[in-house]
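Let me begin by presenting the structure, written as structure tokens, before commenting on it.
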Amino acid sequence: ILNVEQSPQSLHVQEGDSTNFTCSFPSSNFYALHWYRWETAKSPKALFVMTLNGDEKKKGRISATLNTKEGYSYLYIKGSQPEDSATYLCAHIPDTGNQFYFGTGTSLTVIP
Amino acid sequence: NAGVTQTPKFRILKIGQSMTLQCTQDMNHNYMYWYRQDPGMGLKLIYYSVGAGITDKGEVPNGYNVSRSTTEDFPLRLELAAPSQTSVYFCASRVTTGSGNTIYFGEGSWLTVV
């Protein structure tokens, strides 16, 4: 079992604020890192797939970076909107490539 | 395109009863997974399958069984239900081990054991 940790556990921000959160994973055993967005009463949907140290991905106002040497990834949201409210999950895939190990998620609430 | 379909969506079981959570996907994915999600605990892998006829244990397999007789279906069996199995269960699939291939989740099954 590989520990994947996310922080903070929850976050409340005002509309228009920018925010970021962290996913930490074991750096010794790495294949890929995925970010998922999980809205209440729905199923998680993929945001980003990251595989190489130094990867940066962007989708609209959301971006992510990856540091495989130190075992962390950051997710950034610029100018948060109420529709960004969701739980953001990261998943670490070790070098077998078969299993996904999910963090507990960061719950983001954007207050209008 | 249906994607990953789970049934039932909600179920209440009595302690000691058995049931099967059904999962089917129509994307011809070879990898399928069952996760459970407990409050504040994130998603924990119960069982997974890399193809028809092949299954393997995940992090929390005790109290569950699976089978994979076809590519499409991956049912999860609960034998002798216990209150500790009260949870939300997610079935998921992906096409291959390629790093770029993400997981597709079903809508979840809410199970309460009383």
Side-chain angles (χ1 to χ4, degrees), chain A residues 1-10 21-26 29-53 55 57 59 64 66 68 73 86-107, chain B residues 1-7 9-10 21 23 25 27 29-51 54-62 68 87-110:
Chain A
I1 297 175
L2 302 176
N3 285 330
V4 179
E5 296 180 355
Q6 290 186 247
S7 61
Q9 191 171 8
S10 66
F21 19 94
T22 306
C23 171
S24 302
F25 54 87
N29 187 5
F30 181 82
Y31 186 72
L33 186 99
H34 293 192
W35 280 99
Y36 289 80
R37 172 190 161 87
W38 192 359
E39 294 178 75
T40 303
K42 296 186 179 179
S43 55
K45 298 287 192 293
L47 271 177
F48 299 118
V49 173
M50 312 184 80
T51 56
L52 298 174
N53 186 45
D55 255 358
K57 301 277 179 157
K59 189 179 291 188
L66 177 68
T68 61
S73 175
T87 295
Y88 292 84
L89 287 175
C90 67
H92 170 236
I93 300 98
D95 61 11
T96 59
N98 291 344
Q99 297 192 33
F100 283 54
Y101 293 92
F102 284 88
T104 54
T106 292
S107 173
Chain B
N1 190 355
V4 180
T5 303
Q6 294 179 231
T7 56
K9 198 166 180 71
F10 301 97
L21 294 174
C23 176
Q25 51 92 8
M27 298 174 281
H29 286 175
N30 44 7
Y31 278 60
M32 294 189 76
Y33 305 82
W34 272 107
Y35 289 89
R36 59 177 286 173
Q37 191 244 339
D38 301 314
M41 297 296 290
L43 291 164
K44 297 294 183 188
L45 181 64
I46 305 170
Y47 270 94
Y48 69 101
S49 168
V50 302
I54 306 168
T55 62
D56 211 343
K57 295 178 182 178
E59 302 169 80
V60 290
N62 291 343
R68 184 91 182 273
S87 189
V88 185
Y89 292 84
F90 287 93
C91 180
S93 72
R94 74 192 285 231
V95 63
T96 185
T97 55
S99 62
N101 291 297
T102 56
I103 280 188
Y104 291 81
F105 286 89
E107 295 291 317
S109 296
W110 276 253

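A note on names: the letters A, B, ... follow the listed sequences, proteins ahead of strands, and every chain is numbered from 1.
In this structure, OG1 on A/T104 lies 8.5 Å from NZ on B/K44, to the nearest 0.5 angstrom. Atom CG of B/D56 and atom CD of A/Q99 lie 7.0 Å apart (nearest 0.5 Å).
Of all heavy-atom pairs between A/S43 and B/E107, the closest is OG-OE2, 3.7 Å.
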Checklist entry - Do B/L43 and A/Y101 pass the side chain to side chain contact (heavy atoms under 4.5 Å, CB included) test, and can you show the C-alpha distance, the side-chain angles, and the key distance before you say yes or no? => result CA-CA 8 Å; B/L43 291 164; A/Y101 293 92; over 6 Å; no
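No part of A/L33 comes within reach of chain B, as not one of its non-hydrogen atoms sits under 4.5 angstrom from that chain. Heavy-atom distances place the backbone of A/A41, and not its side chain, under 4.5 Å from chain B.
Annotation for A/F21: atom CZ counts as buried by contact number, over 12 foreign heavy atoms lying within 6.0 Å. By the neighbour-count criterion of 12 heavy atoms within 6.0 Å, atom NZ of A/K42 is sparsely surrounded, having that number or fewer from other residues, nucleotides or ligands.
Residues B/I103 and A/Y36 have side chains in contact (heavy-atom distance under 4.5 Å, counting atoms from C-beta outward). Looking at heavy atoms from C-beta onward, A/W38 lies in side-chain contact with B/Q37 at the 4.5 angstrom threshold.
Taking the salt bridge (Lys or Arg N to Asp or Glu O under 4.0 Å) definition, one finds that A/E39 meets it with A/R37, sequence neighbours left out. Partners of A/F100 under the ring pair (Phe, Tyr, Trp, His ring centres under 6.0 Å) rule, at least two apart in sequence or in another chain, are A/H34, B/Y33.
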